Amino acid sequence: MNNEKNIEEYMDNLLSRKSIFKNKSALNPDFIPDYLPHRDKEIRELVEIITPFVLGNKGSNVLLYGKTGTGKTACVRFILKALSNKAKSHGFNFSFSFSNCRMDGSEYRVLVSLGSQLGLKLPFTGLATAEVLQRIVSFLQKAEVRCIFVLDEVDCLIKSSGDDLLYELTRINENLKVPLGIITISNDISFKEHLDPRVLSSLSEEELIFKPYTSSQLTDILQSRSSLAFNEGVLDKGVIPLCAALAASEHGDARRALSLLRVAGEVAERKGLHIVDEECVRTAIKRIEEDQSIELIRTLPLQSKIILLAILASSKDGTKATSGEIFSSYKNITSFMGVEALTYRRFSMLINELEISGLIEGKVISQGRYGRTRFIRVASPQDLVTRGLSEDLLLHDIMDKLSLLNLPLESNL
DNA sequence: CATCCACCGGAAATAGGGGGGC
DNA sequence: GCCCCCCTATTTCCGGTGGATG
């Protein structure tokens with residue numbers, strides 16, 4: 001018992017003495033601070049729109065849009081958290097459910113996610129979607145709870161499954177004594193075009209646009225977060241303005257700015273520095289990019305990895321290869337590995353996905369009599385791709401045999 | 001100017017592994 | 001047990017197509 005305590009103390013001591021961070025989680029994207037700088041106006045408007053639901057009146061549905069990292073989700077979460085605290089202390093029966101449509105992925109799972117936050121027990125598969133909706137509705141009916149559903153990143157849902165679910169949700173109110181509120185959040189304004197006009201008008205009774213943060217606004221945000229996250233005096237003067245400026249030049253993405261700051265801190269920590277300087281920030285940019293592509297490659301399904309390998313093999317030195325060439329190279333590799341090869345159609349689809357993810361670049365070029373085909377090459381640095389691929393043990397072996405592992409590394413540096 | 005290459009990409013069907021309600 | 005549902009990955013089928021060539 002005593003030993004444990006001593007060791008813990010020792011650890012605490014060690015950690016707090018050396019650490020640059022006081023509370024790193026304050027820089028996480030899902031951290032909700034007590035104060036959101038430069039969003040007072042939006043918060044006030046949202047509160048005015050949402051509050052009626054807590055009182056059990058018919059309020060208005062809201063549609064929020066703005067680019068990533070402009071504080072949409074943070075504002076909504078912030079308000080709902082505060083509101084449910086208030087409701088509790090005032091004895092109102094209020095609750096809310098939050099679904100990130102991109103994460104949840106399908107209509108069914110969005111509904112299950114919303115429903116289970118209300119306390120319903122729903123199987124992750126097996127039921128008909130309409131059945132899940134029915135259960136949610138009858139729960140709301142019986143419990144007479146004032147409820148708000150938040151659908152974050154709805155544009156993804158629309159793209160994958162259309163607007164059926166949104167339509168159903170908007171009509172729920174017709175047979176509910178206590179109205180249901182729907183807050184939809186989208187990164188992409190053009191998703192409106194894919195909506196039935198009736199659904200759109202119901203969802204966007206109120207609309208709020210979140211503008212990108214300016215560089216100086218980002219500076220304020222970083223400033224207030226860094227005082228929570230970092231120990232006193234570990235940030236060099238220029239660090240915060242630099243992070244802010246870099247993120248502002250993207251599109252005022254606060255999330256990016258915060259992760260830049262976090263990674264810069266980690267870089268400094270790893271280097272054993274006591275102060276985070278601008279150099280760390282520059283290293284952080286590179287680290288973030290590299291980590292992202294490696295992570296992307298690591299989590300690719302096997303077939304996509306093999307295709308990527310085929311591209312690498314048939315387009316050495318950054319030359320472009322046609323999809324036909326790559327396909328035959330792909331078939332060679334699969335037979336070599338003893339893996340079932342996919343049909344061309346599916347292959348082509350996976351190529352498109354790789355292109356969207358930014359790992360490869362392709363262009364459809366017509367060569368007249370010699371056909372129309374896509375010219376493809378790897379877009380990210382080759383050694384990065386090789387590194388990512390070779391983390392797959394199965395592929396590592398194959399790459400060794402194809403002697404792909406040593407080639408690019410030498411020729412690139 | 002029609003032809004024709006070497007693919008492109010949409011739609012629908014199938015597989016097959018998860019799991020209901022009754 | 002039976003019939004139905006959901007989801008992802010894939011196959012099957014097939015109607016295009018830009019533009020150098022004959």
Side-chain angles (χ1 to χ4, degrees), chain A residues 99-139 142 151 153-154 156-169 193-194 296-311 314-315 319-335 337-357 359-377 379 392 394-395:
Chain A
S99 163
N100 183 310
C101 302
R102 185 170 51 84
M103 300 299 217
D104 287 334
S106 71
E107 296 189 331
Y108 184 86
R109 284 197 295 238
V110 166
L111 275 178
V112 167
S113 164
L114 292 173
S116 47
Q117 285 171 63
L118 293 174
L120 264 59
K121 286 210 180 68
L122 297 164
F124 68 89
T125 177
L127 295 180
T129 309
E131 167 70 17
V132 177
L133 185 65
Q134 190 48 52
R135 290 190 190 187
I136 291 176
V137 171
S138 55
F139 171 84
K142 208 183 300 164
L151 301 169
E153 308 196 48
V154 260
C156 294
L157 186 69
I158 308 291
K159 260 177 221 147
S160 64
S161 359
D163 60 359
D164 294 352
L165 177 61
L166 293 181
Y167 175 70
E168 296 297 334
L169 285 177
E193 294 160 18
H194 307 292
L296 196 62
I297 295 170
R298 195 206 322 266
T299 55
L300 242 33
L302 179 64
Q303 293 288 5
S304 298
K305 284 182 182 169
I306 300 176
I307 291 173
L308 198 53
L309 183 57
I311 297 171
S314 51
S315 65
T319 53
K320 299 174 184 175
T322 68
S323 34
E325 286 161 13
I326 294 169
F327 187 59
S328 61
S329 163
Y330 159 80
K331 283 217 285 209
N332 284 338
I333 298 176
T334 50
S335 74
M337 291 174 69
V339 174
E340 285 282 306
L342 299 172
T343 41
Y344 188 84
R345 183 67 189 85
R346 179 61 182 156
F347 166 85
S348 171
M349 191 174 268
L350 291 178
I351 291 269
N352 277 333
E353 281 169 18
L354 286 175
E355 200 181 330
I356 290 169
S357 77
L359 285 172
I360 65 173
E361 260 168 34
K363 220 181 202 166
V364 181
I365 291 174
S366 172
Q367 295 175 294
R369 178 58 48 105
Y370 304 109
R372 205 163 112 85
T373 184
R374 210 161 15 190
F375 282 83
I376 295 156
R377 66 145 186 235
D392 192 304
L394 199 57
L395 281 167

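Only a predicted model underlies this, so the values are computations on that prediction, with no experimental measurement involved. Computation of the quantities below employed the complete heavy-atom set of this structure, encompassing side-chain atoms and omitting hydrogens, waters and symmetry-equivalent molecules. Protein chains get the first letters and strands the later ones, always in sequence-line order, with residue 1 at the start of each.
- With hydrogens and angles ignored, a donor-acceptor pair closer than 3.5 Å exists between the side chain of A:Thr125 and the base of B:dG18.
- Checking A:Gly105 against A:Gly126, the closest nucleotide of DNA chain C that is more toward the 5' end is the one next to A:Gly126.
- At a cut-off of 3.5 angstrom, counting only N and O atoms as typed in the model, there is a donor on one side and an acceptor on the other between the side-chain of A:Arg345 and the base of B:dG10.
- The shortest heavy-atom contact between A:Val132 and A:Tyr108 is CG2-CE1, 3.6 Å.
- A:Arg109 places a side-chain N or O within 3.5 Å of a backbone atom of A:Asp104 that can act as its donor or acceptor partner.
- The separation between A:Tyr370 atom OH and B:dT3 atom P is 19 Å, rounded to whole Å.
- Closest to the side chain of A:Arg374, out of B:dA6, C:dG22, B:dG9, is B:dG9.
- Nearest-nucleotide positions on DNA chain C for A:Thr129 and A:Tyr344 put A:Thr129 closer to the 5' end.
- Whole-Å rounding puts the A:Ile376 CD1 to B:dC8 C1' distance at 11 Å.
- With 3.5 Å as the limit, one finds a donor-acceptor pair spanning the side chains of A:Gln117 and A:Ser113.
- When the C1' atom of B:dA13 is taken as reference, atom CZ of A:Arg346 falls 15 Å away, rounded to whole Å.
- One atom, CG of A:Leu300, and another, P of C:dT8, lie 17 Å apart when rounded to the nearest Å.
- Rounded to whole Å, the distance from CD1 on A:Ile365 to C1' on B:dC7 is 13 Å.
- A sub-4.0 Å separation between OP1 or OP2 of B:dG20 and a side-chain N or O of A:Arg135 is absent.
- Checking B:dG21, B:dG19, C:dT11 against the side-chain heavy atoms of A:Leu342 singles out C:dT11 as nearest.
- Judged by distance alone, with hydrogens and angles left aside, the side-chain atoms of A:Ser348 form no donor-acceptor pair with the main-chain N or O of A:Tyr344 at under 3.5 Å.
- In this structure, A:Ser106 reaches the sugar-phosphate backbone alone: every heavy-atom distance under 4.0 Å involves primed, P, OP1 or OP2 atoms, never a base.
- Rounded to whole Å, the distance from NZ on A:Lys320 to C1' on B:dC7 is 17 Å.
- Residue A:Thr343 places at least one side-chain N or O closer than 4.0 Å to OP1 or OP2 of C:dT11.
- Separating the CZ atom of A:Arg372 from the P atom of B:dG9 is a distance of 8 Å, rounded to the nearest angstrom.
- Rounded to whole Å, atom C1' of C:dT10 lies 12 Å from atom CD1 of A:Ile307.
- One finds no side-chain N or O of A:Ser366 lying less than 4.0 angstrom from the OP1 or OP2 phosphate oxygen of B:dC5.
- Under the 4.5 Å side-chain criterion, counting only non-hydrogen atoms from C-beta, A:Leu151 is in contact with A:Leu166.
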